[in-house]
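Presented below is the structure to which this report refers.
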Amino acid sequence: MTKEQERARARRRHEEQLKTAKPPVGDATRDKQVFGVILAVILVIAAVIAVPKLVGSSDGPTPAAGGATTPATGETSTSAAAKGGLQAGQKLAAGCTAPPPLQATPKKQKQVPAKATAAGKTFVATVKTTCGDITLELDGVHAPQTVASFINLAKTGYWAPSPCHRVTTEGIFVLQCGDPTGTGQGDPGYGFGIENAPKDGKYAKGVLAMARTQDPNSNGGQFFITYKETQLPTDGGGYTIFGKVTKGLDIVEKIAANKALPPSPQDGTPVSPISILSVSVTEKKA
């Protein structure tokens with residue numbers, strides 16, 4: 001092979017390599033690619049955070065998400081609440097006193113109360129709290145099992161005392177109470193099914209309803225009050241409405257106004273604590 005032929009072959013080989021080679025990426029293009037990856041990651045994280053917590057926890061009763069909340073600094077909410085007084089980051093709302101210590105051994109029961117004790121009747125409950133009295137009207141006509149349970153727990157002192165362990169201020173608007181352990185995972189030792197849940201998932205301002213886990217038969221001692229109209233999921237049967245607030249809703253509103261402790265001010269332990277001291281119930285006569 002002559003030198004001229006060798007040079008021609010080398011030239012053809014070089015041309016073939018140029019055809020198959022990928023063009024170099026310029027700085028501007030590379031920057032755009034890196035920015036695109038970073039943006040995609042940020043959007044995924046934001047989506048996870050922003051999705052409303054509307055599926056019940058398997059651990060703790062809730063109208064949305066359950067579980068205890070831990071303050072950003074200081075003791076955990078459970079250990080601090082057990083001693084009474086304020087947790088790290090908490091402050092008293094106007095007219096409120098410091099919460100008492102948690103019950104050392106919350107009461108447990110085995111038998112679901114007979115719903116016949118409340119069927120067809122209306123009751124008035126006075127909930128004495130560290131921020132004043134909240135008056136409730138209990139609807140035994142539409143939710144006899146739930147009202148029978150509420151009356152039973154009130155008479156046996158199940159909630160005396162117990163903190164309202166959760167407030168939500170975004171997406172759903174509730175104050176959740178009724179767990180003597182303060183963790184959001186306590187129950188009275190029994191559970192029962194759903195009654196009188198709205199088919200459209202709308203809960204008016206001032207509604208009294210039961211909190212539960214994903215199990216529709218996990219209604220027990222925890223309940224919530226809506227301080228604004230709230231839309232809740234209907235999957236799994238919704239949440240039992242068994243009454244309404246007739247007096248003292250302003251107490252719930254001022255607790256909600258101060259939101260929850262970090263790191264989740266829209267859903268967690270209230271910045272301004274409120275605890276149930278006692279509950280008394282009387283039948284409302286026509």
request  = Could you state whether V112 and I151 fall into the same hydrophobic cluster, counting links through intermediate Ile, Leu, Val, Met, Phe, Trp or Tyr residues with side-chain heavy atoms under 4.5 angstrom apart?
outcome  = yes

inquiry  = Quick one: does any side-chain atom of T117 pair with a main-chain N or O of A148 as donor and acceptor, under 3.5 Å?
reply    = no

request  = Any chance you could measure T130, atom OG1, to I255, atom CD1, to the nearest 0.5 Å?
outcome  = 7.0 Å

message = So does G184 get a backbone contact from the side chain of Q222, meaning a donor-acceptor N/O pair under 3.5 Å?
response = yes

Close side-chain approach of K91 to S272, heavy-atom, < 4.5 Å = yes

ask   = Under 4.5 Å between any side-chain heavy atoms of N196 and F242, yes or no?
value = no

message = Does either side chain, that of Q87 or that of T269, offer a donor lying less than 3.5 Å from an acceptor on the other one?
response = no

message = For K128, is the NZ atom crowded, meaning more than 12 foreign heavy atoms sit under 6.0 Å from it?
response = no

key: Donor-acceptor contact below 3.5 Å, side chain Q266 vs main chain K259   = no

task = Determine whether L261 and Q90 make a side-chain contact, defined as any pair of heavy atoms from C-beta on separated by less than 4.5 Å.
result = yes

message = Using only atom types and a distance under 3.5 Å, with no angle test, would you say the side chain of K108 pairs donor to acceptor with the backbone of D187?
response = yes

task = Starting at CG of N219, measure out to CE of M210 and round the result to the nearest 0.5 Å.
result = 5.0 Å

inquiry  = If you take the centroid of each ring, where Trp contributes its six-membered ring, are F150 and F223 closer together than 6.0 Å?
reply    = yes

message = Determine whether a donor-acceptor pair (N or O, by modelled atom type, separation under 3.5 Å) exists between the side chain of T168 and the backbone of V174.
response = yes

key: Main-chain N/O of T146 paired to E195 side chain as donor or acceptor, under 3.5 Å   = yes

task = Check for a donor-acceptor pair, side chain of T234 on one end and backbone N or O of G237 on the other, with a separation under 3.5 Å.
result = no

task = May I ask you to decide if D179's main-chain N or O and Q185's side chain share a donor-acceptor pair within less than 3.5 Å?
result = no

request  = Kindly check if the number of other-residue, nucleotide or ligand heavy atoms within 6.0 Å of NZ (K107) is above 12?
outcome  = yes

